[in-house]
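Below: one structure, written as structure tokens.
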Number of protein chains: 2
Amino acid sequence: MLTNTEENYIKAIYHLSVDNKTVRTNAISEVMNTTPASVSDMLKKLSDKSYIYYEKYQGVSLTKKGKTEALQVVRKHRLWEVFLVEKLNFNWDEVHEIAEQLEHIQSKLLIERLDDFLDNPTSDPHGDPIPNAKGEMPVLRQVLLSELEVNGKAKVMGMKEHSPAFLQYLDKLGISIGSAVKVTDRVVFDASVELKVNDKKTMVVSHEVAKNILVSPID
Amino acid sequence: MLTNTEENYIKAIYHLSVDNKTVRTNAISEVMNTTPASVSDMLKKLSDKSYIYYEKYQGVSLTKKGKTEALQVVRKHRLWEVFLVEKLNFNWDEVHEIAEQLEHIQSKLLIERLDDFLDNPTSDPHGDPIPNAKGEMPVLRQVLLSELEVNGKAKVMGMKEHSPAFLQYLDKLGISIGSAVKVTDRVVFDASVELKVNDKKTMVVSHEVAKNILVSPID
DNA sequence: AAAGTAATTTAGAGGGATCTAAACTTAGGG
DNA sequence: CCCTAAGTTTAGATCCCTCTAAATTACTTT
């Protein structure tokens with residue numbers, strides 16, 4: 001049985017593990033808001049319990065066991081976020097703190113019941129995928145922003161065009177990977193798209209631009 | 001800000017405070033599953049923070065501040081129990097452990113939203129009253145078991161008749177204060193009542209008996 | 001009212017999580 | 001290729017909660 005803190009460390013390591021690179025002590029201390037010294041202590045403990053591979057001064061990575069654990073925490077966090085937004089009418093940007101607490105509630109049965117109650121969602125309100133009970137990440141279907149129906153919400157996953165001009169333009173609009181977008185209207189005349197970014201800014205982009213933005217619909 | 005443990009102690013003291021008598025160290029250690037020594041330590045701390053009145057060797061009682069705190073925890077616990085039973089289809093006797101964890105989630109807003117989502121219930125699945133946001137306990141309406149409609153659920157609150165014969169009879173039936181009862185049928189001929197006790201045993205009691213059992217309906 | 005027993009508190013210690021300060025390792029720049 | 005700066009670990013301490021064992025207080029019983 002893991003303590004809340006141990007779960008948080010494992011989750012942090014999971015989120016910091018991009019492209020199989022080893023995760024550094026300082027990076028962990030930053031996201032956890034602790035000192036590197038505290039992280040070192042904890043890494044030793046997690047290594048003893050075989051949740052991570054750890055070589056002094058070389059950074060860490062999750063073992064199979066650690067990854068399984070991390071995915072369960074992520075699953076719980078994201079399911080609770082869906083609950084807060086869908087059922088309790090929270091805004092998608094208000095739910096993180098509360099889900100940070102709820103994710104540590106221990107009860108397998110509770111999570112399965114919650115999952116059913118929420119109709120087994122595959123992504124959370126931010127558009128992030130929800131691992132299933134076995135810890136498998138669903139493959140999110142991706143479409144072009146130009147293909148999203150009116151009132152459809154989605155999360156920006158990437159761009160098809162990579163020219164500096166295009167990227168700078170998106171930057172100016174405030175659109176980046178991870179942005180939440182909602183199509184509010186589509187102009188029939190030229191297929192340009194009116195959308196809301198991160199629930200705040202409303203703007204119009206041309207069909208040409210929309211065709212180059214990959215998004216993942218949020219049910 | 002209270003720790004989970006402090007909240008649990010305060011809640012325990014609250015539940016042990018019947019008829020204004022002082023609560024003893026041993027009693028607390030028993031319900032908390034700790035040693036009296038641990039309790040003594042904690043009492044000193046809670047006293048320093050003015051949640052309790054505490055004189056060595058004399059037992060403790062809650063201050064205004066402590067009582068307010070206790071009622072908030074009780075409110076959260078009972079609201080979550082309603083959620084688990086009403087929304088996630090748990091059985092009323094499976095929810096306590098999980099609610100013990102959920103009651104410590106910190107977010108005023110969450111609890112108010114949950115309360116609304118559940119249609120502001122006044123009692124939990126066990127029939128215990130739910131304090132409102134100000135910490136006021138609702139006065140539960142009490143009726144006689146003989147007056148409860150068919151399919152009505154209620155909690156046994158007390159008896160009108162106190163003769164040993166009557167009490168022994170109830171004992172044999174497995175009916176006591178706190179029992180959950182559900183009226184499954186009423187015989188028109190003699191108004192005797194068929195009921196289920198604690199979701200398990202089904203039995204029939206005469207109208208005469210039903211007239212002497214006070215119950216509080218669970219919505 | 002004294003003695004014995006039960007309840008309670010204190011003393012001392014340990015595990016978990018954190019910190020600061022100091023020591024150590026790694027890697028990049030001169 | 002060495003040296004320094006950045007990154008990391010160790011040492012030593014603190015806070016929270018718990019324990020066991022010993023000391024103290026309160027209560028009961030004769």
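We name chains A, B, ... by the order of the sequence lines, and we start the count at 1 in each one. Only a predicted model underlies this, so the values are computations on that prediction, with no experimental measurement involved.
The interatomic distance linking B:Lys44 (NZ) with D:dC16 (P) rounds to 13 Å, in whole Å. Following rounding to the nearest Å, B:Asn8 (CG) and D:dC16 (P) show an atom-to-atom distance of 17 Å. Atom NZ in B:Lys49 sits roughly 13 Å away from atom P in D:dC15 (whole-Å rounding). Between the C1' atom of C:dT18 and the CG atom of A:Asn4 lies a distance of 15 Å, rounded to the nearest Å. In this entry the distance linking CE of B:Met1 with C1' of D:dC15 reads 18 Å, nearest Å.
Judged by closest nucleotide on DNA chain C, A:Thr3 is the one of A:Gln58 and A:Thr3 placed further toward the 5' end. Summary of the strand contacts: A:Lys56 and A:Asp41 both lie near DNA chain C, and taking for each the nucleotide with the nearest heavy atom, the more 5' one is attributed to A:Asp41.
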Decide side-chain contact (heavy atoms from CB on, under 4.5 Å) for B:Leu102 and A:Leu102; before the verdict, give the C-alpha distance in whole Å, the side-chain angles of both, and the deciding distance to 0.1 Å.
-> CA-CA 7 Å; B:Leu102 286 165; A:Leu102 287 164; 3.6 Å; yes

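Of the residues in residues 10-18 of chain B, not one places a heavy atom less than 4.0 Å from an atom of DNA chain D.
Across B:Thr5, B:Leu2, B:Asn4, a single residue satisfies side chain to side chain contact (heavy atoms under 4.5 Å, CB included) together with B:His104, and that is B:Asn4.
Counting non-hydrogen atoms under 4.0 angstrom, A:Ser40 reaches a base of the nucleic acid. Residue-level contact check: A:Ser38 touches the bases, meaning some heavy atom is under 4.0 Å from a base atom.
For D:dT18, neither phosphate oxygen OP1 nor OP2 lies less than 4.0 angstrom from any side-chain nitrogen or oxygen of B:Thr34. Between A:Arg24 and D:dT8 there is a side-chain N or O to OP1 or OP2 distance below 4.0 Å. For B:Tyr57, no side-chain nitrogen or oxygen approaches OP1 or OP2 of C:dA6 to under 4.0 Å. Of the side-chain N and O atoms in B:Asn26, one or more sit less than 4.0 angstrom from OP1 or OP2 of C:dT8. Residue B:Tyr9 has no polar side-chain atom (N or O) positioned under 4.0 Å from OP1 or OP2 of D:dC16. Dashed line: the shortest gap from a side-chain N or O of A:Tyr54 to OP1 or OP2 of D:dT9 is under 4.0 Å. Using a 4.0 Å cut-off, some side-chain N or O of B:Thr35 falls inside it from OP1 or OP2 of D:dC19.
Checked against the 6.0 Å centroid criterion, the rings of A:His77 and A:His96 qualify as a close aromatic pair. Ring centroid separation for the pair A:Phe83 and B:Phe83 comes in under the 6.0 Å cut-off.
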